[in-house]
Participant: 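Supplied in structure tokens, the structure appears directly below.
Quick note: numbers below take in every heavy atom, side chains included, and nothing from hydrogens, waters or symmetry partners. For reference, positions follow the sequence shown, starting with 1.
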Amino acid sequence: MCLALAGSAKLAVADEAVQQVLARMDKAANDFKAMTAQVTHIDHTEVLNEDTKEVGTVTMQKVRPGEIEGRVDFTVPDRKSITFQKRKLQEYLPKINTLQVFDLDKHGEQLDRFLGIGFGTSGTELAKDYDVSLLAKENTALHLRLVPKEAEARQYIQKLDLWIPDQGDPYPLREKIFEPSGNYMLVTYDELKINPPLKPDAMQLKLPSGFKTEYPGR
């Protein structure tokens, strides 16, 4: 009986912590306009048990409610730039002076929901699309797990882990995205700045003359 009561108390505390985080996200979503950060990106391939690590900078901005644009400029181990705008992903590879363009419109609704997670998405929207639970408190961060409620969404993303500061702004310090295959992507943000001034062309790729354009998958 005592164990059952203790378990119930822990669940109640965890649920309260989740509700507080979601409420902080509701407030932050209204104020969010843009972000910049140093980013470390690790891709894990389960079948090979291999990790690929890239380091660079990331910029995001909210164009309108529900629409986020992003740009990542990797510098390590190789230089490349990636932008995402209006459900189109562009990747420029300087070594071969090639721009690869991917039309992701067929995945549009799922991408729209996914891209804003942590930056610009309200807690109310998050709870609508995901079952949110608290896994642990780690130092000064809350480790949350998000599981998509819709079966269609789980075809792309099995679950997501977010590490959110337990006080102050509720922007993620780290994100871990699990695919159904067992592969995962781990993204860590450092030197995070919220609503910094951005130049009008901050999301535009500045391409040299003579670059080649490819459309993989067409």
Participant: A side-chain contact here means heavy atoms from C-beta on lying under 4.5 Å apart; do V76 and E54 qualify?
Facilitator: no

Participant: Look at the side chain of T45 and the backbone N and O of V47, then say whether any donor-acceptor pair between them is shorter than 3.5 Å.
Facilitator: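 Checking the backbone N and O of V47 against the side chain of T45, no donor-acceptor pair under 3.5 Å is found.
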
Participant: Side-chain donor-acceptor pair under 3.5 Å between E175 and Y189, yes or no?
Facilitator: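 Yes, a side-chain donor-acceptor pair sits under 3.5 Å.
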
Participant: Minimum heavy-atom separation for P94 to R79, with atom names?
Facilitator: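 Between these two residues, the closest heavy atoms are CD-O, 3.0 Å.
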
Participant: Within a strict 4.5 Å, meaning less than it, do heavy atoms of the V39 and T188 side chains meet?
Facilitator: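 A side-chain contact is absent here, since even the closest heavy-atom pair is not under 4.5 Å.
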
Participant: Just verifying a value: how many Å separate L198 CG and K193 NZ, rounded to the nearest 0.5 Å?
Facilitator: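 Going from the CG atom of L198 to the NZ atom of K193 covers 11.0 Å.
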
Participant: Are H44 and D51 linked by a side-chain donor-acceptor pair shorter than 3.5 Å?
Facilitator: yes

Participant: Using modelled atom types and a 3.5 Å cut-off, is there a donor and acceptor pairing between side-chain atoms of R174 and backbone atoms of L186?
Facilitator: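 Not a single qualifying donor-acceptor pair exists.
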
Participant: Between F211 and Y92, how do the two ring planes meet: parallel, tilted or perpendicular, split at 30° and 60°?
Facilitator: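 Perpendicular.
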
Participant: On the ring face of F178, is K159 found with NZ or CZ under 6.0 Å from the centre and within 45° of the axis?
Facilitator: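 Cation-pi check for K159 and F178: passes.
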
Participant: About how many Å separate OH of Y171 and CD1 of I194, when rounded to the nearest 0.5 Å?
Facilitator: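 Reported value, rounded in 0.5 Å steps: 5.0 Å.
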
Participant: Do Q90 and L205 come within less than 4.5 Å of each other through their side chains, counting heavy atoms only?
Facilitator: yes

Participant: Decide, yes or no, whether a salt bridge links D103 with R87 under the criterion of side-chain N to carboxylate O below 4.0 Å.
Facilitator: no

Participant: Please report the shortest heavy-atom distance between K128 and K149, naming the atom on each side.
Facilitator: O-CD, 3.4 Å

Participant: Around atom CG of N139, are there more than 12 heavy atoms of other residues, nucleotides or ligands at under 6.0 Å?
Facilitator: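 12 or below, so no.
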
Participant: Is it the case that atom NZ in K53 sees more than 12 heavy atoms from other parts of the structure closer than 6.0 Å?
Facilitator: no

Participant: Does the pair Q85 and R71 meet the rule for a side-chain contact (heavy atoms from CB on, under 4.5 Å), with working shown?
Facilitator: CA-CA 9 Å; Q85 296 172 298; R71 173 173 178 161; over 6 Å; no

Participant: Indicate the atoms forming the closest heavy-atom contact of E46 with S181, along with that distance.
Facilitator: CB-O, 4.2 Å

Participant: Can you tell if the side chain of N195 reaches within under 4.5 Å of the side chain of M35, non-hydrogen atoms only?
Facilitator: no

Participant: Looking at L142 and K137, what are the two nearest heavy atoms and their distance?
Facilitator: CD2-CG, 4.0 Å

Participant: Once rounded to the nearest 0.5 Å, what's the spacing between atom CG of L146 and atom CG of D161?
Facilitator: 8.0 Å

Participant: Any luck finding a side-chain donor-acceptor pair between D73 and S81 under 3.5 Å?
Facilitator: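 Indeed, the side chains of D73 and S81 share at least one donor-acceptor pair under 3.5 Å.
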
Participant: Could you verify whether a donor N or O on one side chain and an acceptor N or O on the other, from T52 and D43, lie under 3.5 Å apart?
Facilitator: no

Participant: Working to the nearest 0.5 Å, report the span between OH of Y130 and CD of E150.
Facilitator: 9.5 Å

Participant: Would Q61 and K33 count as a side-chain contact (heavy atoms from CB on, under 4.5 Å) here? Give the steps.
Facilitator: CA-CA 6 Å; Q61 69 176 359; K33 298 179 180 63; over 6 Å; no

